[in-house]
Asker: 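Could you have a look at this structure, given as structure tokens, before my questions?
None of the values given here were measured: they were computed from a predicted structure. Per chain, numbering begins at 1; letters A, B, ... match sequence-line order.
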There are 2 protein chains.
Amino acid sequence: METEVGREIADALGVLLKRSTRQELHRALTVDMGEAVDELTYPVLSGLERTGPCSAADLAPEVGLDRSGVTRRASRLEEAGLVRREADPSDRRATLLALTDAGQCTVQMLRERLSARITASLASWPADEAEAFANSLRRFVTDGPFA
Amino acid sequence: METEVGREIADALGVLLKRSTRQELHRALTVDMGEAVDELTYPVLSGLERTGPCSAADLAPEVGLDRSGVTRRASRLEEAGLVRREADPSDRRATLLALTDAGQCTVQMLRERLSARITASLASWPADEAEAFANSLRRFVTDGPFA
DNA sequence: CAGAATAGCGTGCGCGCCGCACGCATACGT
DNA sequence: ACGTATGCGTGCGGCGCGCACGCTATTCTG
């Protein structure tokens with residue numbers, strides 16, 4: 001029955017979106033990673049790596065935040081030397097956010113760590129099932145119920 | 001390659017955990033549902049339906065919150081007539097939280113709506129793939145990388 | 001049986017994050 | 001050249017959360 005599937009997914013998502021889940025996960029990820037990057041600042045790093053250098057306004061929807069929020073988080077990361085602000089050559093009022101080498105290294109390390117953790121928890125899965133799940137999840141995220 | 005799968009899932013989760021995603025989703029769900037139930041209070045309703053009547057302390061880990069937070073959210077729902085506080089007969093200092101009939105009806109309606117939305121977005125999927133995804137997701141959530 | 005120690009809930013307090021609005025600097029149009 | 005528009009950063013008010021306290025009921029102990 002199809003609605004049963006929807007309900008199943010809904011329940012799982014409910015658990016997944018728990019506040020403590022996110023906190024615990026990101027806390028584990030950012031251990032020994034310095035104080036600058038935490039649950040809040042990580043999305044900015046990750047988003048910057050995906051989009052490349054861009055303005056705070058352009059990055060805001062990627063992170064799902066207001067421009068001011070992006071600015072504040074970016075400032076924190078800048079203070080830690082992970083993000084660099086550079087003037088846009090084509091528009092001198094704009095400020096581009098870009099990852100420094102340290103920032104690039106950090107986000108890569110974090111992604112590696114997260115991937116490793118996920119992979120480890122999927123160790124007991126059949127390889128084809130894991131791959132199918134990854135594909136389905138990506139598809140679900142991109143053109144799923146969230147515009 | 002396995003790490004590729006992990007990275008794939010990691011990216012998808014990153015997008016899924018965006019603040020705006022959750023907000024937008026719950027906002028769509030709670031439309032025309034009264035002001036009492038929103039993104040914050042819904043987990044309490046859902047949790048209460050899963051666990052049945054229980055104390056705020058027992059519900060706290062389910063929601064991923066402090067006891068005080070559960071108390072406040074529950075108070076809001078109580079004010080709206082969706083949650084009822086009743087004294088524990090076996091321990092008169094304890095206060096059990098329970099769904100009223102209206103609360104039960106509301107959470108059922110919301111779950112229905114969420115399920116429908118998810119099901120609709122999965123309409124183009126093959127039925128077996130959708131079911132496999134639901135099962136994998138549940139498994140991923142229960143014994144995945146999140147304790 | 002009485003008093004002390006424990007457990008449970010609700011609330012005041014301080015902190016941190018967020019969205020909104022304002023100010024300043026720069027770019028564009030006439 | 002001057003007015004309008006755009007973009008960024010910051011002050012402000014609001015809100016939710018965790019922590020600590022007070023009160024009540026229960027349990028343990030002598």
Asker: Please list, by residue number, the residues of residues 55-68 of chain A whose heavy atoms come closer than 4.0 Å to an atom of DNA chain C; answer none if no residue qualifies.
Answerer: A/Leu65, A/Asp66, A/Ser68
Asker: Can you tell me the distance, in whole Å, between the CD atom of A/Glu78 and the C1' atom of D/dC8?
Answerer: 13 Å
Asker: The criterion is salt bridge (charged side-chain N to carboxylate O under 4.0 Å, His left out); which residues satisfy it with A/Asp38, sequence neighbours excluded?
Answerer: A/Arg76
Asker: Going by the rule side-chain hydrogen bond (donor to acceptor under 3.5 Å, both in side chains), which residues pair with A/Asn135 if we only count those two or more places apart in sequence or in a different chain?
Answerer: none
Asker: Going by side-chain heavy atoms closer than 4.5 Å, which hydrophobic residues are tied to B/Leu17, directly or by a chain of links?
Answerer: A/Leu17
Asker: Using the side-chain hydrogen bond (donor to acceptor under 3.5 Å, both in side chains) criterion, which residues pair with A/Asp66? Sequence neighbours excluded.
Answerer: A/Ser68
Asker: From CG of B/Leu40 over to C1' of D/dC15, roughly how many Å is that when rounded to an integer?
Answerer: 9 Å
Asker: Give the rounded distance in Å between these two atoms: CD of A/Glu86 and C1' of D/dC8.
Answerer: 15 Å
Asker: What residues form a side-chain hydrogen bond (donor to acceptor under 3.5 Å, both in side chains) with A/Ser121, not counting sequence neighbours?
Answerer: none
Asker: My understanding is that only residues two or more places apart in sequence, or in another chain, count here; which of them pass salt bridge (charged side-chain N to carboxylate O under 4.0 Å, His left out) with A/Arg84?
Answerer: A/Glu86
Asker: Go through it in stages, so that I can follow the logic: the residues are A/Thr119 and B/Arg7, the test is side chain to side chain donor-acceptor pair (under 3.5 Å), and I'd like the CA-CA distance, side-chain angles, deciding distance and then a yes or no.
Answerer: CA-CA 8 Å; A/Thr119 303; B/Arg7 183 185 161 128; over 6 Å; no
Asker: Can you name the residues that form a side chain to side chain contact (heavy atoms under 4.5 Å, CB included) with B/Gln104, not counting sequence neighbours?
Answerer: B/Glu49, B/Leu99
Asker: Kindly indicate whether the side chain of B/Arg72 and the base of D/dG18 share any N or O donor-acceptor pair separated by less than 3.5 Å?
Answerer: yes
Asker: Closer to the 5' end of DNA chain D via nearest nucleotide, is it A/Arg85 or A/Gln23?
Answerer: A/Arg85
Asker: In residues 90-100 of chain B, which ones come under 4.0 Å of DNA chain D, going by heavy atoms?
Answerer: B/Asp91, B/Arg92, B/Arg93
